Number of protein chains: 2
Amino acid sequence: MTTMGDVARIAGVSASTVSHVLNGTRKVNTATRLRVEAAIEQSGYRRNGVARSLAAGRTHTVGLSISALTNPYFNSLVHAVERALSAAGYVLIVGDSHDELQSEKRVTDSLLDRQVDGMIVAPAAGSERLTLPDITRTGTPLVLIDRGVDIGCDQVGPENVASARALTEHLIELGHRRIAVLRGLSGISSTTERFDGYRAALAGHGIAFDDALVLDGASSTEAAERQVHALMSAGDRPNALVSLNNAMTIGALKALRALGLSIPDDVAFVCYDDFEWADLFEPRLTAAAQDVDTIGATAVELLLRRMRGDDAVPQHIRVPTAMRHRNSCGCA
Amino acid sequence: MTTMGDVARIAGVSASTVSHVLNGTRKVNTATRLRVEAAIEQSGYRRNGVARSLAAGRTHTVGLSISALTNPYFNSLVHAVERALSAAGYVLIVGDSHDELQSEKRVTDSLLDRQVDGMIVAPAAGSERLTLPDITRTGTPLVLIDRGVDIGCDQVGPENVASARALTEHLIELGHRRIAVLRGLSGISSTTERFDGYRAALAGHGIAFDDALVLDGASSTEAAERQVHALMSAGDRPNALVSLNNAMTIGALKALRALGLSIPDDVAFVCYDDFEWADLFEPRLTAAAQDVDTIGATAVELLLRRMRGDDAVPQHIRVPTAMRHRNSCGCA
DNA sequence: ATGAAAGCGCTAACAA
DNA sequence: TTGTTAGCGCTTTCAT
């Protein structure tokens with residue numbers, strides 16, 4: 001393996017000069033720069049990023065801890081983050097927390113060990129008493145994404161309350177009174193907020209809240225499928241359903257199809273989270289679509305600012321969703 | 001920041017002892033080990049992975065260069081790889097090559113600079129004359145995934161020819177003669193092989209090959225949508241279509257829906273690549289499903305073997321696909 | 001059972 | 001404009 005020392009020897013200069021031509025960190029005489037470049041070329045030298053990171057004290061690396069990477073929503077979020085980061089010259093290392101505290105701890109520990117220059121976390125339930133303090137203790141800049149927790153750091157996520165409320169109200173305006181809801185994983189803010197939006201819609205229209213219509217979908221396709229199947233095969237089923245995230249939507253659709261129930265005739269349906277192929281589902285889904293690109297880009301922006309040493313007061317940013325009006329809700 | 005030296009001082013031992021208790025690399029007296037552990041606890045020490053990598057000469061990191069990360073197929077492939085790797089104690093760093101040579105070069109360069117211990121690449125067209133030689137030159141163990149190129153290294157990918165042939169033959173057996181095909185990005189082996197399978201099916205049944213029925217979908221949803229739209233709005237349209245990857249399938253379905261054509265009545269449809277939600281599409285798609293988990297796990301297995309120094313002759317592994325018989329093809 | 005010391009390959013003062 | 005030198009924090013031989 002060729003090192004900078006080898007290159008220096010070939011070019012007849014010092015290692016420090018080689019380093020400077022490589023990084024453009026100081027003016028180098030054109031003639032010597034050319035010699036160095038020739039030597040690099042000739043020797044097939046590649047810099048050692050590990051040594052570089054150790055000496056410089058920064059890795060140009062950012063860690064992301066997130067769950068359910070196979071979920072298309074998180075998947076696009078990861079790529080929105082990656083795009084913004086690589087535009088800024090950073091490399092992203094992703095770890096899957098599986099929305100489970102111990103697993104999240106493993107991921108963030110490994111990221112911290114690798115000396116990431118910054119960290120973006122979609123916190124699992126309970127994060128604030130284990131992993132988050134660990135991170136802040138190291139002084140690594142941190143921003144929370146997708147969900148918030150009550151800790152002093154930057155946060156970016158989608159707007160939840162008003163969106164879930166709007167979704168529910170749409171159903172109400174269509175004349176529905178018995179509206180079931182698929183609620184997500186407990187302990188995370190997005191679940192609470194979206195559920196609050198649902199309740200607010202009912203309350204705002206004088207509809208009594210009925211606990212029997214609340215399904216615990218646990219943000220999972222399988223759980224949602226089971227719950228919807230159970231509720232819908234019982235007598236006296238609701239005539240409308242709102243699903244509070246995309247994974248649960250899939251489960252709900254599977255269950256409804258299995259039961260032979262038609263949307264929107266038997267059940268009107270709306271959901272939080274859009275699908276890239278929403279047009280190909282039958283029926284086309286009325287959904288509140290998150291703006292993942294903005295969320296990802298904003299998270300990166302906030303993080304880079306912190307990494308530059310900015311210590312302004314932490315921001316909590318909410319990115320609005322867009323209502324996609326299609327036909328699963330049952331309006332013309 | 002606390003270093004190993006600090007811990008050593010607190011525990012009243014040498015740094016080397018601290019290192020050994022941390023890594024279990026040599027026997028340490030229980031009493032001293034306890035003192036060291038206490039010192040670690042008390043000081044909140046975290047090891048510096050960068051320094052560790054530099055000293056040890058290995059990073060416990062593997063690089064993956066792949067394209068179209070938002071494509072669900074590649075997405076699951078990435079996660080299959082990640083799962084296998086993290087089970088073996090490695091961290092995966094992923095880069096998106098966008099199936100474009102310069103971009104692939106940027107990704108692999110960055111991975112190599114970071115001193116990954118091994119590399120998995122889904123080669124873009126032309127890779128064998130630019131990035132791949134670069135990688136082998138560094139001596140970094142390499143395995144190719146998804147597509148092959150004629151270079152002496154391990155490769156794992158799906159079976160293409162027989163699968164595409166079976167798909168096409170199914171249509172033929174249903175009585176179709178004018179069968180259009182959506183062909184993928186040119187220059188990559190999977191495109192060639194799947195297309196070969198299509199031609200072989202026609203040839204095997206004495207059906208003349210018709211160039212006008214070959215659509216260049218470029219493995220992209222948009223291109224496929226345009227091409228299918230054009231072909232299907234012209235007169236004398238084919239009555240069957242085979243799509244050779246999932247991105248193009250989406251495009252085809254969009255175009256057909258836009259034209260108001262019904263599957264399978266107006267056009268029988270089969271595709272290479274399955275969808276997780278294939279049951280929710282209308283109609284349910286008859287597809288050849290790749291076994292991503294096996295492909296990913298096999299790639300990792302081959303790579304780890306090379307990383308251990310095995311220098312057996314390179315293997316080319318093909319993982320069979322599974323035929324999912326549903327109703328877009330038009331059989332009962 | 002433990003320690004001393006020599007690096008790993010690079011960056012960045014500080015000198016010249 | 002360039003070189004010298006002292007680390008960065010760890011691993012690992014070689015002693016003891």
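Within every chain, numbering begins at 1; the chains are lettered A, B, ... in the order of the sequence lines, protein sequences first and strands thereafter. Everything numeric in this text was worked out from a predicted model, so none of it was measured.
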message: With a strict under 4.0 Å distance from non-hydrogen atoms of chain B, what nucleotide opens and what nucleotide closes the contacted stretch of DNA chain C, reading 5' to 3'?
response: dA1(C) to dG9(C)
message: Which residues pass the side-chain contact (heavy atoms from CB on, under 4.5 Å) test with Ala88(B), not counting sequence neighbours?
response: Tyr90(B), Leu304(B)
- request: Please identify each residue that fulfils salt bridge (charged side-chain N to carboxylate O under 4.0 Å, His left out) with Glu128(A), with sequence neighbours left out.
  value: none
query: Can you tell me how far OG1 of Thr138(A) sits from CE of Met1(B), rounded to the nearest 0.5 angstrom?
result: 9.0 Å
query: So what does Arg26(A) touch, heavy atoms closer than 4.0 Å: a base, only the sugar-phosphate, or nothing?
result: base
message: For the residue pair Ser53(B) / Gln115(B), report whether a side-chain donor-acceptor contact shorter than 3.5 Å exists.
response: no
field: Which residue lies more 5' along DNA chain D, comparing Ala51(A) with Arg33(A) via nearest heavy atoms
entry: Arg33(A)
message: Restricting to side-chain contact (heavy atoms from CB on, under 4.5 Å), what partner residues turn up for Asn71(B), sequence neighbours left out?
response: Ala68(B), Tyr73(B), Phe74(B), Asn246(B), Ala247(B)
query: Quick one: do Asp109(B) and Arg106(B) make a salt bridge, cutoff under 4.0 Å?
result: no
message: At a heavy-atom distance below 4.0 Å, what parts of residues 53-63 of chain A sit against DNA chain D?
response: Leu54(A), Ala55(A)
- prompt: Between Arg147(B) and Asp99(B), is the closest basic N to carboxylate O distance under 4.0 Å?
  reply: yes
message: Using C1' atoms of five pairs at each end, report the bend of the helix from dA1(C)-dT16(D) to dA16(C)-dT1(D) rounded to 10 degrees.
response: 40°
- prompt: Do Ser97(A) side-chain atoms and Glu100(A) backbone N/O form a donor-acceptor pair below 3.5 Å?
  reply: no
Could you tabulate the donor-acceptor pairs under 3.5 Å formed by side-chain atoms of residues 309-319 of chain B, not counting sequence neighbours?
residue	atom	partner	partner atom	Å
Asp310(B)	OD1	Ala312(B)	N	2.6
Gln315(B)	OE1	Arg305(B)	NH1	3.4
Arg318(B)	NH1	Pro158(B)	O	3.1
Arg318(B)	NH1	Glu193(B)	OE1	3.3
Arg318(B)	NH2	Glu193(B)	OE1	3.3
Arg318(B)	NH2	Glu193(B)	OE2	2.8

task: May I have the step-by-step check of side chain to side chain contact (heavy atoms under 4.5 Å, CB included) for Val156(A) and Leu302(A), ending in yes or no?
output: CA-CA 9 Å; Val156(A) 201; Leu302(A) 290 175; 3.5 Å; yes
task: Could you check which residues of residues 13-25 of chain A get a heavy atom under 4.0 Å from DNA chain D? Sort them by number, please.
output: Val13(A), Ser14(A), Ser16(A), Thr17(A)
- line: Footprint ends on DNA chain D, 5' to 3', for atoms under 4.0 angstrom from a heavy atom of chain A, come out as dT1(D) to dG9(D)
- prompt: Who pairs with Ala39(A) by side-chain contact (heavy atoms from CB on, under 4.5 Å), at least two apart in sequence or on another chain?
  reply: Val7(A), Ile10(A), Ala11(A)
query: Is a salt bridge present between Asp293(A) and Arg83(A), judged by a nitrogen-to-oxygen distance below 4.0 Å?
result: yes
- request: Name the nucleic acid region contacted by Val28(B), choosing base, sugar-phosphate or nothing; use a 4.0 angstrom heavy-atom cut-off, strictly under.
  value: sugar-phosphate
query: Can you tell me if Asp6(B) and Ser43(B) form a side-chain donor-acceptor pair at under 3.5 Å?
result: no
- prompt: Does any pair with a residue in residues 108-143 of chain A pass ring pair (Phe, Tyr, Trp, His ring centres under 6.0 Å), and if so which ones, sequence neighbours excluded?
  reply: none
statement: Contacts of Ser76(B) meeting side-chain contact (heavy atoms from CB on, under 4.5 Å) (sequence neighbours excluded), chain-then-number -> Val292(B)
